[in-house]
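Notes follow once the structure below has been shown.
Below, chain A is the first sequence line, B the second, and so on; all start at residue 1. Both backbone and side-chain heavy atoms feed into the values below; hydrogens, waters and symmetry mates do not.
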There are 2 protein chains.
Amino acid sequence: MLLDDSIGFLISRTGRRVTQLLALHLASTGITTEQWSVLARLCEEDALSQKELASRVSKDQTNVTRILDQLERKGLIVRVVNPEDRRSHLPSVTAEGRAAYGEIAPLEENVISLVTEGLTPAQLSTLKELLNRIADAAGRHLNDNKPE
Amino acid sequence: MLLDDSIGFLISRTGRRVTQLLALHLASTGITTEQWSVLARLCEEDALSQKELASRVSKDQTNVTRILDQLERKGLIVRVVNPEDRRSHLPSVTAEGRAAYGEIAPLEENVISLVTEGLTPAQLSTLKELLNRIADAAGRHLNDNKPE
DNA sequence: TAAAATTAATTGCTATGACAACTACTTTGG
DNA sequence: CCAAAGTAGTTGTCATAGCAATTAATTTTA
């Protein structure tokens, strides 16, 4: 099978381009695309531990630690120690973080509309479902090799 | 729009998982997924300059330089100076590189079949087309901001 | 209850992505 | 023909992905 026909390659390539375009539109905010995904998730769903947060954004916990470092350095979140379990931290979005979220959300929506401009809502919905199925299958096979 | 509905997020997440699964299956070969994509492209299409190669794998030329460094260190490719233009190098796959390609290709095909196990050929083909449309749209908008 | 096993978070390390700056070579234009 | 502009590749830097190992705290177990 040629590279251009490999679904893995196509997903990666498309992801890189979309990310790059989003990065271009977010450049003025000083926030990276990955920082955005973490901030957005925290704004949508509060009181998550870092471990839970990592799972919710499908990132390695290690990477979440470092992305939170960046967001904390920028004053957009703070780490609060969980009183129930002092090992865990509950990242909390600051007022500045919420303001940034409000500013960035429409920028992201705009990029989404740019890259999906030729697609009907039905096609978009099909695409999302197919991607989710592949992500689920990959996740299952990843777990097959991990837990023991 | 919530993060889970953002097509950008879904593509990135799916890509990360597929890449991770592929990495797991390639671990024994000592080749990373990105090194694989470059090696595969070179095996499919020879006599490319690094710049052309970068374009063919949709990677930054900088990253291709470093991936070629790795492949060269492993003895899978060599850089040959282009006699027509001494600025450019023509990476060339060695016998070891071709052997690695032959070994890895079936591993990759297997991973692809694992992650697409629930999809019909028609669905897979739809998915590829939709991804290509998004990649094209993103590419167009990226170029809008570059050439001036 | 004290030691052992687990767990949450962090740090160290390597590879990659992306951008800026630099070097070496080529092409252009006067 | 030569200086200026352009081009291919490389290197430097920062952010991120992922793995291994470490630390601090909690739970389990003997």
Side-chain angles (χ1 to χ4, degrees), chain A residues 12-27 30-38 48-55 57-74 79-91 138 142 145-148, chain B residues 12-27 30-39 48-55 57-74 79-91 138 142 145-147:
Chain A
S12 296
R13 173 170 76 184
T14 308
R16 272 200 306 273
R17 291 216 189 139
V18 172
T19 297
Q20 206 177 343
L21 186 64
L22 181 58
L24 191 63
H25 285 252
L26 297 195
I31 301 271
T32 67
T33 59
E34 304 309 327
Q35 288 163 24
W36 160 247
S37 70
V38 170
L48 292 171
S49 71
Q50 294 186 196
K51 179 191 168 81
E52 289 163 337
L53 174 59
S55 155
V57 291
S58 297
K59 284 183 187 303
D60 189 288
Q61 205 175 319
T62 298
N63 301 325
V64 168
T65 290
R66 279 158 182 147
I67 293 173
L68 288 175
D69 288 346
Q70 304 285 341
L71 292 175
E72 195 163 35
R73 195 171 305 155
K74 290 169 184 170
R79 280 170 163 106
V80 179
V81 172
N82 183 347
E84 321 255 297
D85 182 343
R86 301 187 39 221
R87 285 172 306 184
S88 87
H89 295 170
L90 305 177
L142 278 168
N145 302 56
K146 291 261 172 116
E148 79 290 336
Chain B
S12 296
R13 173 170 75 182
T14 307
R16 272 200 306 274
R17 290 212 190 144
V18 172
T19 298
Q20 206 177 343
L21 185 63
L22 181 59
L24 191 62
H25 285 251
L26 297 195
I31 302 272
T32 68
T33 60
E34 304 309 327
Q35 289 163 25
W36 160 248
S37 70
V38 169
L39 178 63
L48 293 171
S49 72
Q50 297 187 195
K51 179 190 168 84
E52 289 163 336
L53 174 59
S55 157
V57 291
S58 296
K59 287 184 186 301
D60 190 287
Q61 204 175 323
T62 298
N63 301 325
V64 168
T65 290
R66 280 159 181 147
I67 292 172
L68 289 175
D69 288 345
Q70 303 286 339
L71 292 175
E72 194 162 36
R73 195 169 307 156
K74 291 170 183 169
R79 282 170 163 105
V80 180
V81 172
N82 184 345
E84 320 257 296
D85 182 343
R86 301 189 39 224
R87 286 171 304 182
S88 88
H89 296 169
L90 306 177
L142 277 168
N145 302 56
K146 292 257 170 120

What is the distance, to the nearest angstrom, from the [atom1] atom on [X] to the [atom2] atom on [N]?
X	N	atom1	atom2	value
B:Gln50	D:dT7	CD	P	17 Å
A:Lys51	D:dT26	NZ	C1'	14 Å
A:Leu26	C:dA18	CG	P	14 Å
B:Glu52	D:dA8	CD	P	9 Å
A:Arg86	D:dT27	CZ	C1'	16 Å
B:Glu84	C:dT27	CD	P	10 Å
B:Leu48	D:dG9	CG	C1'	15 Å

B:Asp60: salt bridge (charged side-chain N to carboxylate O under 4.0 Å, His left out) partners, not counting sequence neighbours: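 B:Asp60: no salt bridge (charged side-chain N to carboxylate O under 4.0 Å, His left out) contacts found.
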Report the residues that fulfil salt bridge (charged side-chain N to carboxylate O under 4.0 Å, His left out) with B:Glu52, sequence neighbours left out, ordered by chain and then residue number.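 Once residues adjacent in sequence are excluded, B:Glu52 has no partner under the salt bridge (charged side-chain N to carboxylate O under 4.0 Å, His left out) criterion.
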Checking A:Ser88 now: which residues fulfil side-chain hydrogen bond (donor to acceptor under 3.5 Å, both in side chains) with it, not counting sequence neighbours?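 For A:Ser88 the side-chain hydrogen bond (donor to acceptor under 3.5 Å, both in side chains) partners, ignoring immediate neighbours, are A:Asn82.
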Going by side-chain hydrogen bond (donor to acceptor under 3.5 Å, both in side chains), name the residues that satisfy it together with A:Gln35, two or more places apart in sequence or in a different chain.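 A:Gln35 satisfies side-chain hydrogen bond (donor to acceptor under 3.5 Å, both in side chains) with A:Thr32, A:Lys74 only.
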Would you mind telling me which residue lines up with the more 5' stretch of DNA chain C, A:Arg17 or A:His89, judged by nearest nucleotide?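 Final value for this comparison: A:His89.
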Want to settle it: does A:Arg16 or B:Pro83 sit nearer the 5' end of DNA chain C, counting the closest nucleotide to each?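 Checking each residue's closest nucleotide, the 5'-ward one belongs to A:Arg16.
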Can you list, by residue number, the residues of residues 59-71 of chain B that have a non-hydrogen atom closer than 4.0 angstrom to DNA chain C?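 Per residue number, the list reads B:Lys59, B:Asp60, B:Thr62, B:Asn63, B:Arg66, B:Ile67, B:Gln70.
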Could you give the distance from CD1 (B:Ile67) to CG (B:Leu39), rounded to the nearest 0.5 Å?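 If I round to the nearest 0.5 Å, the distance is 11.0 Å.
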Base, sugar-phosphate alone, or nothing: which one does A:Asn82 contact when heavy atoms must sit under 4.0 Å apart?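 No contact.
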Using heavy-atom distances to pick each residue's nearest nucleotide on DNA chain D, tell me which of B:Thr19 and B:Arg87 is more 5'.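 Between the two, 5'-proximity favours B:Arg87.
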Taking side-chain contact (heavy atoms from CB on, under 4.5 Å) as the definition, give me every residue that meets it alongside A:Arg66, ordered by chain and number, with sequence neighbours left out.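 side-chain contact (heavy atoms from CB on, under 4.5 Å) check on A:Arg66 returns A:Thr62, A:Asp69.
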